[in-house]
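Structure, as structure tokens:
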Amino acid sequence: MTRSLDHGSFGPSRPAIVRTGDRASEALRRADVLVHELSGLIDGSLRMLELARRDASSENPLSRRSSIVRNLDAALAAMTHIAEIVRGTGRPGAARPGRSLAAAVVAAADVLRPAARQVGVGIDVDVEHALEGVPPDDVYAVVSNAVRNAIEAIASVGGGGSIHVTARIGRDAAGKSQVLLEVIDDGPGPPPGVPTGRLFEPGFSTKSGGPGIGLALAREVMKELQGDIQLRRRSAAASRPGAIFTARYPLPTPPQDAVTGENTQC
């Protein structure tokens with residue numbers, strides 16, 4: 001069963017008259033979206049710092065490497081503390097209470113709707129109901145980057161178009177359950193002639209002045225989740241072939257309370 005979502009809404013359309021309670025609920029929803037966005041940005045920063053720390057370990061000379069590593073260690077410690085505050089948990093990397101993979105996917109699209117509207121792009125989201133009970137992991141950062149790339153790609157060819165985001169449970173070649181995330185757009189598609197693997201290399205970007213961080217970060221997230229990631233052209237013949245971004249990884253199990261063993265995912 002899938003749920004088609006537009007404008008980030010899980011329920012029926014709101015009444016014309018907005019009551020005080022409705023305004024409060026809307027304010028909380030917006031705050032929730034902001035926390036998701038901050039969490040995604042912080043998680044992305046943490047992972048890029050970790051990548052830099054890993055690279056610095058192989059730098060020479062040793063004196064310069066030692067200085068870089070110390071600075072990166074300090075930055076990692078500070079960013080980890082910030083992450084704990086934003087998540088509201090006592091341990092980095094833990095799923096925030098009340099969060100789910102479904103909510104993370106919807107929030108990632110919801111945050112970027114204003115940017116999409118500015119270039120005439122619509123965003124549709126289909127999330128399988130079963131994913132509302134699955135831990136979010138770091139999916140927010142992956143989906144957010146894919147949607148942002150799709151918006152920028154469509155804008156580069158004049159805007160107007162659509163982005164379709166799907167999240168569902170599928171099966172791998174061995175028949176085991178896996179999460180399937182897909183972002184499809186009708187932009188120009190990945191540039192022909194560029195090897196697919198290069199698109200995920202840190203520092204490589206097809207955009208002028210682009211940092212080349214987003215896809216590299218998404219790949220690292222999928223590696224840690226023991227999954228894989230792909231970006232391919234939707235059609236080879238159309239004038240605007242579009243792109244298909246796919247990420248898949250083994251279906252995680254909901255976190256359990258250490259004492260009761262009960263599912264703690266809301």
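On a predicted model such as this, the values are computed, not experimentally measured, just so you know.
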Taking the side chain from Q178 and the backbone from G170, do they hold a donor-acceptor pair closer than 3.5 Å?
-> no

Residues A104 and P136: closest non-hydrogen pair is CB-CB, 4.1 Å

Heavy atoms, side chains only, cut-off 4.5 Å: are V127 and L101 in contact?
-> no

Taking a hydrophobic cluster as the set of Ile, Leu, Val, Met, Phe, Trp and Tyr residues connected by side-chain heavy atoms closer than 4.5 Å, whether directly or through intermediates, do I244 and V121 fall within one such cluster?
-> no

What residues form a salt bridge (Lys or Arg N to Asp or Glu O under 4.0 Å) with D228, not counting sequence neighbours?
-> R248

So, do T166 and L180 sit near enough that their side-chain heavy atoms are less than 4.5 Å apart?
-> no

Side-chain heavy-atom pair D126, V165 within 4.5 angstrom cut-off = no

What closest approach, in Å, do A243 and P190 show between heavy atoms, and which atom pair accounts for it?
-> CB-CD, 3.7 Å

Worked check of side-chain contact (heavy atoms from CB on, under 4.5 Å) between N149 and F245 | CA-CA 10 Å; N149 284 346; F245 172 94; over 6 Å; no

Taking all heavy atoms of P250 and all of Q226, pick out the closest pair and write down the distance.
-> CD-O, 3.3 Å

State, yes or no, whether a side-chain contact exists between D185 and S162 at a heavy-atom distance under 4.5 Å.
-> no

Can you check whether I229 reaches T246 side chain to side chain, under 4.5 Å on heavy atoms?
-> no

Might you point out which heavy atoms bring L131 and S100 nearest each other, and give the distance in Å?
-> O-CB, 3.9 Å

Nearest-0.5 Å distance that lies between atom CD in E220 and atom CG in L215 | 12.0 Å

Side chain to side chain donor-acceptor pair (under 3.5 Å) involving S177 - partner list, sequence neighbours excluded = R171

Closest approach of M222 to A247 (non-hydrogen atoms, all atoms of both residues) = SD-CB, 3.8 Å

Validation row: L251, V134 side chains within 4.5 angstrom (heavy atoms) | yes

Quick one: list whatever passes side chain to side chain donor-acceptor pair (under 3.5 Å) with Q230, sequence neighbours left out.
-> none

Spell out, yes or no, whether V119 and I123 are grouped together once hydrophobic residues are joined by side-chain heavy atoms under 4.5 Å, including indirect joins.
-> yes

Is there a side-chain contact between I163 and D124 (heavy atoms, below 4.5 Å)?
-> no

L181 and A167: which non-hydrogen atoms are nearest, and at how many Å?
-> CD2-CB, 3.7 Å

Rounded to the nearest 0.5 angstrom, the CD-CZ distance for E152 and R148 is 7.0 Å

Does the side chain of Y249 reach to within under 4.5 Å of the side chain of D172, using non-hydrogen atoms?
-> no

Cluster link I169 to V143, ILVMFWY, side chain under 4.5 Å = yes

